[in-house]
A.B. asks: 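Quick one: structure below, then a few questions.
Note that the structure is a prediction, hence the values are computed from the model and not measured. Convention: sequence-line order gives letters A, B, ...; per-chain numbering from 1. Hydrogens, waters and symmetry mates play no part in the numbers below; they use all other heavy atoms, side chains included.
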Amino acid sequence: MDYQFKDIEQKWQQFWAKNQTFKVDNDSQKPKYYVLDMFPYPSGAGLHVGHPLGYIASDIFARYKRLRGFNVLHPMGYDSFGLPAEQYAIQTGQHPAITTETNIATYRRQLDQIGFSFDWSREVRTSSPDFYKWTQWIFMQLFNSWYNKAADKAESIEKLVAHFEQNGSSGINAVCDEDILTFTADEWNAMNNNDQQEELLKYRLTYLRESTVNWCAALGTVLANDEVKDGFSERGGYPVEQKKMMQWSMRITAYAERLLQGLDTIDWPEPLKEMQRNWIGKSVGASVKFTIYDLRFTNATDHQSPVTDNYIEVFTTRVDTIFGVTFLVLAPEHELVPSLTTPEQKATVDAYIAQSKKKSELDRMADTKTVSGAFTGSYVINPVNNERVPLYIADYVLAGYGTGAVMAVPSGDQRDYLFAKHFDLPIIPIIDIQKIETEADPTKEGTYINSDFMNGLNYKDGTAKVIEFLEGKGAGKAKVNFRMRDAIFGRQRYWGEPVPVYFKDNLPHLIDEKDLPLILPEIDKYLPTETGEPPLGRATGWNYNGFEYELSTMPGWAGSSFYWYRYMDPKNDKEFASKKAIEYWKNVDLYIGGSEHATGHLLYSRFWNKFLKDMNLAIEEEPFKKLINQGMIQGRSNFVYRLIDDEGRGTNTFVSHGLVKEYKTYELHVDVNIVENDILDINKFKQWREDFKNAEFILENGKYVCGVEIEKMSKSKFNVVNPDDLIAKYGADTLRMYEMFLGPLEQSKPWNTNGIEGVFKFLRKFWKLFHDEQFNFRVSEEAPSKAELKSLHKIIRKVEEDIDRFSFNTSVSSFMIAVNELTDLKCNKRAILQDLVIVLSSYAPHICEELWVLLGNEAGTLSYADYPKFNPEYLIEDEFAYPISINGKMKMNLNISLSLDAPAIESVVVGNADVQKYLDGKSPKKVIVVKGRIVNIVV
RNA sequence: GCUCGGGUGGUGGAACUGGUAGACACGCAGGACUUAAAAUCCUGUUCGCCUUAAAGCGAGUGCGGGUUCGAUUCCCGCCCCGAGUACCA
């Protein structure tokens with residue numbers, strides 16, 4: 001029989017499901033290997049050809065590892081809480097759970113068609129109560145923990161309470177809010193419970209606090225920093241504003257240093273690590289206190305004295321330039337601005353604040369050239385030289401970073417330089433080689449001048465000296481600053497995990513663990529209440545023993561921040577995964593997914609994992625050892641060109657792409673599914689839409705050629721290619737191999753179906769190797785020839801190398817070469833073909849399973865077969881003629897004999913007349929040998 | 001602006017640590033089979049020159065230079081494209 005991919009694929013997909021071929025146990029004599037895909041959000045649109053790219057790669061990898069004797073965990077599930085289902089619910093009234101269920105069914109059907117080797121018995125869904133029970137449980141652990149800097153790990157809040165009871169607040173070095181109290185043990189014990197709880201909230205790893213948040217009015221919810229792009233929401237693109245609100249946050253900043261350090265220990269793409277480094281944004285510098293100059297004094301020397309409470313703290317990465325400070329700048333929102341503005345300057349300052357408030361976030365970012373600011377009328381004292389310097393406000397200083405105040409050194413910082421020029425402030429050079437005629441010079445070379453005790457020192461010594469001086473005076477210290485902020489954790493939405501918290505005396509309390517999961521209640525409609533509370537406020541009778549529940553839900557990233565552990569033990573109702581399961585699977589060996597999660601999911605997951613490790617609930621510091629980003633598949637749109645008549649109206653005549661220059665036309669997206677190799681199927685086009693029924697065409701060479709453009713894949717551009725259609729036409733094995741053949745896995749590329757025929761032809765040729773002309777199965781038991789063994793072992797080695805390097809595209813090419821060679825050799829020998837089936841089975845599993853059985857093997861054993869061992873002997877070249885150059889110039893095939901151990905000049909005997917001609921009687925000066933081959937002779 | 005990728009035929013892309021550039025596939029052209037078409041198979045396909053032909057010669061991996069017997073690969077300078085990021089003190 002000819003290659004009947006439909007029957008074959010259906011048969012094997014059913015076989016795998018029925019026999020649970022890929023079900024994996026939590027213990028085995030084999031070494032473990034965990035291959036994970038980023039689980040999808042089940043959207044209504046279903047899968048397009050871009051989605052499976054990473055899944056196919058990980059499936060090939062998982063199947064390969066299985067063949068190489070590993071116990072492979074390769075699960076799949078759904079990240080099924082999220083906005084689109086809720087938006088749809090708002091529009092239609094349909095419960096998001098129903099929409100989600102339907103979408104999951106579609107996804108499952110589509111995934112099954114591609115022949116993945118997932119262990120579906122381990123499926124998880126973040127929106128199912130037996131899963132989110134554990135999301136809520138981990139939330140509770142975070143609430144019950146604080147970060148002990150001394151131990152550099154999270155610890156139980158009870159330990160902190162015990163310390164407070166015995167020693168008060170002294171001796172605690174914690175990552176916490178800034179407004180913590182200092183108290184003795186007696187004072188603590190005397191506090192009432194509510195005051196104690198309020199204080200503890202400042203330490204907890206998830207906490208409720210009034211903070212400035214990104215508020216998106218259109219979505220009716222707050223968003224985390226990574227969900228906001230350029231002042232607009234990532235989902236939907238609605239405007240986002242800053243607003244102060246009581247909000248749940250996660251104290252991810254406690255882990256900033258560990259998150260940064262950990263990056264050096266994991267095998268991730270460098271750009272992705274770089275993105276996380278930037279996001280964490282560590283800068284090493286110093287904080288310096290500038291005492292506020294009291295206008296009642298007449299000269300600065302009266303202030304030499306100890307630093308009072310009346311100071312402004314700045315953060316700087318260049319404390320060495322402190323003698324160049326000629327003014328200070330505060331952010332307009334800085335809390336000291338009102339009190340430091342003198343009556344004379346009040347009007348100017350107020351006007352400036354009003355003006356900068358009016359500017360949107362976007363304007364402020366875009367407009368970085370105009371210098372603006374206002375003088376407050378106050379002065380501060382530079383602690384190193386007691387000079388009096390003026391205090392300004394300007395919006396180039398951001399309230400959210402550092403202390404919201406900077407010391408301005410116009411000679412070393414370009415923004416300060418422009419500001420100084422504009423307001424006519426002095427610019428003092430402080431380094432001998434500094435060139436500051438036209439712009440600031442931030443050099444670290446040279447030695448200091450105009451810098452008192454630092455004069456003559458270099459950068460390193462000067463920095464150390466000035467920090468020592470400031471510390472001695474209590475006016476500053478070395479400090480590390482991070483750009484990363486704590487992550488906002490609450491969302492004012494319905495379709496998410498309820499927060500397991502109730503309120504008593506306005507303070508949050510955890511519900512009892514035995515009451516988990518806290519089930520998402522039913523509500524009548526999915527909108528905020530009339531009083532502006534989140535949708536959960538609509539739930540009737542929803543309370544905890546009469547106390548009000550928290551009405552926010554958790555953000556989308558909550559469930560995905562630990563889901564890989566749940567796959568290890570998905571049915572466990574006592575723990576999120578048993579200790580035993582976690583000890584066996586440890587962490588993910590290979591994770592494949594998109595780089596768009598760099599500063600979201602991938603950072604939060606690392607954070608939770610580190611926390612779980614601190615709690616002895618996980619054993620590895622990093623969750624994902626190796627990570628590969630598959631590239632995005634872009635859409636490839638096709639266009640037709642509609643002729644415009646004299647009145648400028650569109651006619652029903654369409655001009656082929658090559659001829660558009662000769663006519664007046666406009667372009668129109670055309671469905672890519674009625675175009676093949678950029679040639680329009682005219683009949684299908686006429687049927688495509690009613691108004692094209694009588695369309696006429698101006699053709700070139702009898703064909704209608706379409707225009708092409710690369711765009712995002714979207715329905716409105718008619719460029720969405722659905723994997724179902726391709727599977728129906730060519731089969732899953734072809735789709736799998738073609739997606740790999742398309743190009744390097746990590747590269748973004750447009751989808752293009754043009755080459756899929758080639759892969760299909762390859763599979764047919766492969767099928768034919770096992771069959772005679774009449775398609776009767778026929779293999780020979782003869783011993784293989786040298787040439788046949790060479791072909792086989794070339795591909796065995798190539799696949800090994802390529803899988804290591806994730807270079808799946810070149811493997812597909814190599815399979816084609818192998819099959820072409822074996823076809824030429826008319827090879828139908830079992831000894832060769834059986835091994836070839838095993839090697840190819842990771843890529844094209846269905847056809848290989850079928851052939852495996854035809855070869856007489858037991859059904860279902862292929863996935864765990866003995867992988868053929870590569871033997872380098874079969875690849876040794878037996879011909880001696882190879883190209884050689886003389887003086888790097890000419891190339892020819894020569895027969896040369898030489899002693900490989902000592903490729904000395906004497907040992908080269910050149911027996912070819914042509915070479916003799918080139919050597920021209922001279923003996924060669926030098927012989928260049930590469931890998932035992934002469935490649936060049938220098939005469 | 002900064003950081004990281006990347007520029008190779010008509011197209012997607014090969015070329016592992018410097019060693020026959022363009023594998024493999026698409027497309028295109030020609031041919032075989034066929035009443036015809038589809039399918040399949042075969043041949044050719046970087047560009048230019050030369051030749052009846054076989055063959056040969058020259059140029060060629062964004063541009064300019066360098067190192068080397070030899071550079072798509074390494075170094076310096078520039079141009080272009082993509083991604084991320086940005087008053088971060």
A.B. asks: Please tell me which of the listed nucleotides, B:A89, B:U40, B:A23, lies nearest to the side chain of A:I817?
C.D. replies: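 Per side-chain heavy atoms of A:I817, the pick is B:A23.
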A.B. asks: So, are A:R764 and A:D2 salt-bridged, with charged N and O less than 4.0 Å apart?
C.D. replies: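 Yes.
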A.B. asks: Considering only the P atoms, how many Å lie between B:A14 and B:C24, rounded to the nearest integer?
C.D. replies: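 My reading of the P atoms in B:A14 and B:C24 gives 14 Å.
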A.B. asks: For the side chain of A:R483, starting at C-beta, report the closest nucleotide among B:C41, B:C16, B:C88.
C.D. replies: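 Minimum distance to the A:R483 side chain belongs to B:C88.
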A.B. asks: With ring-ring contact (aromatic ring centres under 6.0 Å, His included) as the criterion, how do A:F327 and A:F423 come out once you've worked through the C-alpha distance, each side chain's angles and the decisive distance to 0.1 Å?
C.D. replies: CA-CA 11 Å; A:F327 54 100; A:F423 287 95; 8.3 Å; no
A.B. asks: From the list B:C26, B:C16, B:A89, which nucleotide is the closest neighbour of the side chain of A:N754?
C.D. replies: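 So the nucleotide nearest the side chain must be B:C26.
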A.B. asks: When rounded to the nearest Å, what value does the distance between P atoms of B:A89 and B:U20 take?
C.D. replies: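 Nearest-Å result for B:A89 against B:U20 at atom P: 48 Å.
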A.B. asks: Only pairs at least two apart or in different chains count here, so list each salt bridge (charged side-chain N to carboxylate O under 4.0 Å, His left out) that has a residue in residues 409-421 of chain A.
C.D. replies: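 Output for this query lists A:D413-A:R415.
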A.B. asks: Let's go through A:Y396 and A:V371 carefully: what are the C-alpha distance in whole Å and the side-chain angles of both, what is the deciding distance for side chain to side chain contact (heavy atoms under 4.5 Å, CB included) to 0.1 Å, and is it a yes or a no?
C.D. replies: CA-CA 9 Å; A:Y396 79 84; A:V371 177; over 6 Å; no
A.B. asks: Look at the side chain of A:L398 and decide which nucleotide, out of B:C16, B:C87, B:U40, has an atom nearest to it.
C.D. replies: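 My answer, after comparing the listed nucleotides, is B:C87.
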A.B. asks: For atom P, what is the distance between B:C63 and B:U8, given to the nearest Å?
C.D. replies: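 Taking atom P in both B:C63 and B:U8, they lie 10 Å apart.
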A.B. asks: Tabulated below should be each protein N or O lying under 3.5 Å from an N or O of nucleotides 9-14 of chain B; please produce it.
C.D. replies:
unit_1	atom_1	unit_2	atom_2	d
B:G12	O2'	A:L742	O	2.9
B:G13	OP1	A:Q747	NE2	2.6
B:A14	OP1	A:N809	ND2	3.1

A.B. asks: Provide, to the nearest angstrom, the distance between the NZ atom belonging to A:K729 and the P atom belonging to B:A39.
C.D. replies: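 So the two atoms are 10 Å apart, to the nearest Å.
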A.B. asks: Between A:E739 (CD) and B:A25 (P), how many Å, whole number?
C.D. replies: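 Those two atoms, CD and P, are 20 Å apart.
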A.B. asks: Output the single nucleotide from B:A23, B:A89, B:C87 whose closest atom is nearest the side chain of A:D395.
C.D. replies: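 Nearest to the side-chain atoms of A:D395, counting from C-beta on, is B:C87.
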A.B. asks: I'd like the C1' distance from B:G5 over to B:G9, given in whole Å.
C.D. replies: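 The answer is 24 Å between these two C1' atoms.
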A.B. asks: Would you call A:K798 and A:E801 a salt bridge, taking side-chain N to carboxylate O under 4.0 Å as the test?
C.D. replies: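 Not counted as a salt bridge, because no side-chain N and carboxylate O are separated by less than 4.0 Å.
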A.B. asks: What residues form a ring-ring contact (aromatic ring centres under 6.0 Å, His included) with A:Y417, not counting sequence neighbours?
C.D. replies: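 A:Y417 satisfies ring-ring contact (aromatic ring centres under 6.0 Å, His included) with no residue once adjacent residues are dropped.
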A.B. asks: Round to a whole Å and report the spacing from NE2 of A:H771 to P of B:U40.
C.D. replies: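 Those two atoms, NE2 and P, are 18 Å apart.
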A.B. asks: For RNA chain B, what are the stems built from at least three Watson-Crick or G-U pairs in a row, each pair having both distances below 3.5 Å?
C.D. replies: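 Output for stems: B:1-7 with B:79-85, B:10-12 with B:24-26, B:27-32 with B:40-45, B:46-49 with B:56-59, B:62-66 with B:74-78.
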A.B. asks: What integer number of Å spans the P atoms of B:U61 and B:C50?
C.D. replies: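 After rounding to an integer number of Å, I get 23 Å for this pair.
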A.B. asks: Starting at CG of A:L272 and ending at P of B:U85, how long is that distance when rounded to a whole Å?
C.D. replies: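 It works out to 11 Å between those atoms.
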A.B. asks: Looking for any heavy atom pair under 4.0 Å, which part of the strands does A:D416 touch: base, sugar-phosphate only, or nothing?
C.D. replies: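 Nothing, no heavy atom under 4.0 Å.
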A.B. asks: Please report the distance, rounded to the nearest Å, between CD in A:E773 and P in B:C41.
C.D. replies: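 The distance from CD of A:E773 to P of B:C41 comes to 12 Å, rounded to the nearest Å.
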A.B. asks: Near RNA chain B, counting only heavy atoms under 4.0 Å, which residues of residues 401-408 of chain A show up?
C.D. replies: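 Contacts with RNA chain B under 4.0 Å: A:Y401, A:V406.
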A.B. asks: Looking only at side-chain atoms of A:K765, point me to the closest of B:G84, B:C41, B:C88.
C.D. replies: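 Within the option list, the nearest is B:C41.
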A.B. asks: If you pin A:P271 and A:V812 to their nearest nucleotides in RNA chain B, which one's is more 5'?
C.D. replies: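 Here A:P271 is the residue nearer the 5' end.
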A.B. asks: Given A:T463, which partner from the list A:I322, A:T321, A:D320 fulfils the side chain to side chain contact (heavy atoms under 4.5 Å, CB included) test?
C.D. replies: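 That would be A:D320; it is the only one of A:I322, A:T321, A:D320 passing the side chain to side chain contact (heavy atoms under 4.5 Å, CB included) with A:T463.
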A.B. asks: Centre-to-centre under 6.0 Å for A:Y392 and A:F419, is that the case here?
C.D. replies: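 Between A:Y392 and A:F419, the centre distance is under 6.0 Å.
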A.B. asks: B:U85 and B:C74: how far apart are their P atoms, nearest whole angstrom?
C.D. replies: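 Nearest-Å result for B:U85 against B:C74 at atom P: 28 Å.
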A.B. asks: Would you measure the distance from the C1' atom in B:G44 across to the matching atom in B:G22 and give it in whole Å?
C.D. replies: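 Each nucleotide's C1' atom is 16 Å from the other's.
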A.B. asks: Establish, with yes or no, whether the OP1 or OP2 oxygen of B:C16 is under 4.0 angstrom from a side-chain nitrogen or oxygen of A:R797.
C.D. replies: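 Indeed not, no polar side-chain atom of A:R797 lies that close.
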A.B. asks: Report the relative orientation of the aromatic rings in A:F775 and A:H771; use parallel for angles under 30°, tilted for 30 to 60°, perpendicular for over 60°.
C.D. replies: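 Plane angle between 30° and 60°, so tilted.
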A.B. asks: Quick one: A:Y396 OH to B:A86 C1', roughly how many Å, whole number?
C.D. replies: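 My rounded result for the distance is 16 Å.
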A.B. asks: Which whole-number value in Å describes the distance from A:E270 CD to B:G6 C1'?
C.D. replies: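 Going from A:E270 (CD) to B:G6 (C1'), I get 17 Å.
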A.B. asks: Any side-chain donor-acceptor pair under 3.5 Å between A:N481 and A:S283?
C.D. replies: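 No pair is found: no donor N or O on one side chain lies under 3.5 Å from an acceptor on the other.
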A.B. asks: Please tell me whether A:S595 and A:N629 have a donor and an acceptor in their side chains that are separated by less than 3.5 angstrom.
C.D. replies: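 A:N629 and A:S595 do not have a side-chain donor-acceptor pair below 3.5 Å.
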A.B. asks: Quick check on B:G9: syn or anti? Syn means the glycosidic torsion is within 90 degrees of zero.
C.D. replies: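 What B:G9 shows is a syn base, its glycosidic angle lying within 90° of 0.
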A.B. asks: A:Q276 has an atom CD; how far is it from atom P of B:U3, in whole Å?
C.D. replies: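 Answer to the nearest Å: 21 Å.
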A.B. asks: Does the salt bridge (Lys or Arg N to Asp or Glu O under 4.0 Å) test come out yes or no for A:R277 and A:E274, once each step is laid out?
C.D. replies: CA-CA 5 Å; A:R277 283 191 194 104; A:E274 203 54 34; 3.0 Å; yes
A.B. asks: May I ask you to evaluate whether A:N820 reaches the phosphate of B:A25, defined as a side-chain N or O under 4.0 Å from OP1 or OP2?
C.D. replies: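 So the side-chain polar atoms of A:N820 do come within 4.0 Å of the phosphate oxygens OP1 or OP2 of B:A25, strictly under.
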A.B. asks: Which atom pairs, donor and acceptor, lie under 3.5 Å between side-chain atoms of residues 737-748 of chain A and protein residues at least two apart or in another chain?
C.D. replies:
unit_1	atom_1	unit_2	atom_2	d
A:Y738	OH	A:N752	O	2.4
A:Y738	OH	A:G755	N	3.3
A:S748	OG	A:M632	N	3.0

A.B. asks: In terms of side-chain heavy atoms of A:E274, which of B:U3, B:C87, B:A23 is nearest?
C.D. replies: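 So the side chain of A:E274 is nearest to B:U3.
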A.B. asks: Write down the distance separating the P atoms in B:A21 and B:C75, rounded off to the nearest Å.
C.D. replies: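 The same atom, P, in both gives a distance of 22 Å.
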A.B. asks: Describe, in one word, how the ring planes of A:F5 and A:F760 are oriented to each other, choosing from parallel (under 30°), tilted (30 to 60°) and perpendicular (over 60°).
C.D. replies: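 Answer is perpendicular, since the angle exceeds 60°.
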